[in-house]
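Reviewing the structure listed below.
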2 protein chains.
Amino acid sequence: MVTQGRPLRADAERSVRAILEAAERVLAANPAASLEQIAEAAGVARTTVHRRFANRQALVDTLVTTVMDQLDAVIAAANPDTAPPLVALHQVTASVLRLKLGWPFAMTESFAPESKWAERQHRTATRCVTLLARAQSTGHIAPDADLDWTCKVYYALIGEAAHNTTEPDPDLLATKVINTLLHGAGPRP
Amino acid sequence: MVTQGRPLRADAERSVRAILEAAERVLAANPAASLEQIAEAAGVARTTVHRRFANRQALVDTLVTTVMDQLDAVIAAANPDTAPPLVALHQVTASVLRLKLGWPFAMTESFAPESKWAERQHRTATRCVTLLARAQSTGHIAPDADLDWTCKVYYALIGEAAHNTTEPDPDLLATKVINTLLHGAGPRP
DNA sequence: GCTAAATGCAACAGATGTGTCGCAGATGTT
DNA sequence: AACATCTGCGACACATCTGTTGCATTTAGC
């Protein structure tokens, strides 16, 4: 019923975590899953879910917000404005892939257009374009490249890479993503 | 109630078409839309929808099957096994983009993994890889390229390009997709 | 124009999901 | 040990969607 009041008791806090983790798992497999299914996966009663989250929406909001906070943190940690562009790009990519592998539902949801996260997502996209512009200024991206398109392609590549089941190492996946982003599949002359 | 019996009367056939087109529009905007909303968009009563399609699933099936048939036809028309690889690739890309712009829901649905369309979609993907292999043999794709990955990237690029609202010309979009697929965003040496 | 088919409308039954409530018992905190 | 909190359980109300049926009316096809 309530989302925030006064500090929760230890077991209640544990329930909240269990619910969030179960929600991530269940919703990743089926975004239309019922709260009943989520509760079952979390090992709690459905009423407990309602006690900890006012709405289904509130639950999803918490999930997405948590992940977006982590996303911001992870991006900031790569120093995208000061580090060498390719280094930052690689580090961001690997971190985002790690995040996406652990929180597939929340990450997908947060990137959905037309959602309440649109503005925040747009801010992130702007930072991405800024980083790409730096890579452009160092000659790693063509001077005439369409950076908005490149950013979209970058996102799509990350999305595809995250679906890859054969290669679980985020760093190798990041290398593959960036290689593809910069050079495509054509032969290197 | 019934899906196929004996030839439909002219007005009934018109209803079926109206329902399918409305379903495409409505479901593209909201995949969880109710049959009521679809009926309203089609300008018919909800019961008429049930008369023409046994299930919601049957309606979606018809939508997806229709589009997949068109997809097969469009691919075949590009002669992917005989035409010069890059020519076929461009033609297929432009046609698929056209299809995707007109049937965004059905196309997305048909590409969903783990669905009942998986086998058919897999067959299409195999043809895609075959075409890419031909492009590889002509030197347009690097000899050591991972063609499965390249195919996924190709799909993702088409998906992104279809979201592009500023450039509605499928041929120009196809050129952009293929350029990106082959050369990425890096500078041409 | 006659007949069969198709439609809209209203009503119904059933399923599912959501959110609330009260209470008895377990669990943590002090 | 005492107290407040948390939980599971059962029950309820409510909304929404799906699928069906019957009937009066319209429409297509011959």
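Under the rule for a side chain to side chain contact (heavy atoms under 4.5 Å, CB included), the partners of Ala174(A) that lie at least two apart in sequence or sit in another chain are His90(A), Thr93(A), Ala94(A), Leu97(A). For Asp11(A), the salt bridge (Lys or Arg N to Asp or Glu O under 4.0 Å) test picks out Arg9(A), with sequence neighbours left out. Contacts of Thr138(A) classified as side chain to side chain contact (heavy atoms under 4.5 Å, CB included), with partners at least two apart in sequence or in another chain: Pro85(A), His140(A). A search for salt bridge (Lys or Arg N to Asp or Glu O under 4.0 Å) contacts involving Lys176(B) returns Asp146(A), not counting sequence neighbours. Residues meeting the salt bridge (Lys or Arg N to Asp or Glu O under 4.0 Å) test with Asp169(B), sequence neighbours left out: none. With sequence neighbours excluded, the residues that form a salt bridge (Lys or Arg N to Asp or Glu O under 4.0 Å) with Asp72(A) are Arg120(A).
Counting atom types as modelled, Arg46(A) pairs a side-chain N or O with a base atom of dG19(C) as donor and acceptor under 3.5 Å.
When each of Leu8(B) and Gln57(B) is assigned the nucleotide of DNA chain D with its nearest heavy atom, Gln57(B) is the one assigned upstream, toward the 5' end.
DNA chain C is contacted by Arg14(A), Ser34(A), Leu35(A) of residues 13-44 of chain A, taking any non-hydrogen atom closer than 4.0 Å.
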With a 3.5 Å cut-off and sequence neighbours excluded, list the donor-acceptor pairs that the side chains of residues 19-29 of chain A form with protein atoms.
from	atom 1	to	atom 2	distance (Å)
Glu24(A)	OE1	Ala106(A)	N	3.2
Glu24(A)	OE2	Phe105(A)	N	2.7

Is there any protein nitrogen or oxygen under 3.5 Å from a nitrogen or oxygen in nucleotides 22-26 of chain D, and what are the pairs?
none

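Following rounding to the nearest Å, His50(B) (NE2) and dC12(C) (C1') show an atom-to-atom distance of 14 Å. dC17(D) atom P lies 16 Å from atom CG of Leu59(B), rounded to whole Å.
Residue pairs meeting the ring-ring contact (aromatic ring centres under 6.0 Å, His included) criterion with at least one member in residues 111-136 of chain A, sequence neighbours excluded, are Phe111(A)-Tyr155(A). The salt bridge (Lys or Arg N to Asp or Glu O under 4.0 Å) pairs that include a residue from residues 28-47 of chain A are Glu36(A)-Arg46(A), where partners are two or more places apart or lie in different chains.
Relative to the axis of its first five pairs, the axis of the last five pairs of the helix from dG1(C)-dC30(D) to dT30(C)-dA1(D) sits at 40°, rounded to 10 degrees.
With dG19(D), dG8(C), dC6(D) as the candidates, the nucleotide lying closest to the side chain of Arg52(A) is dC6(D).
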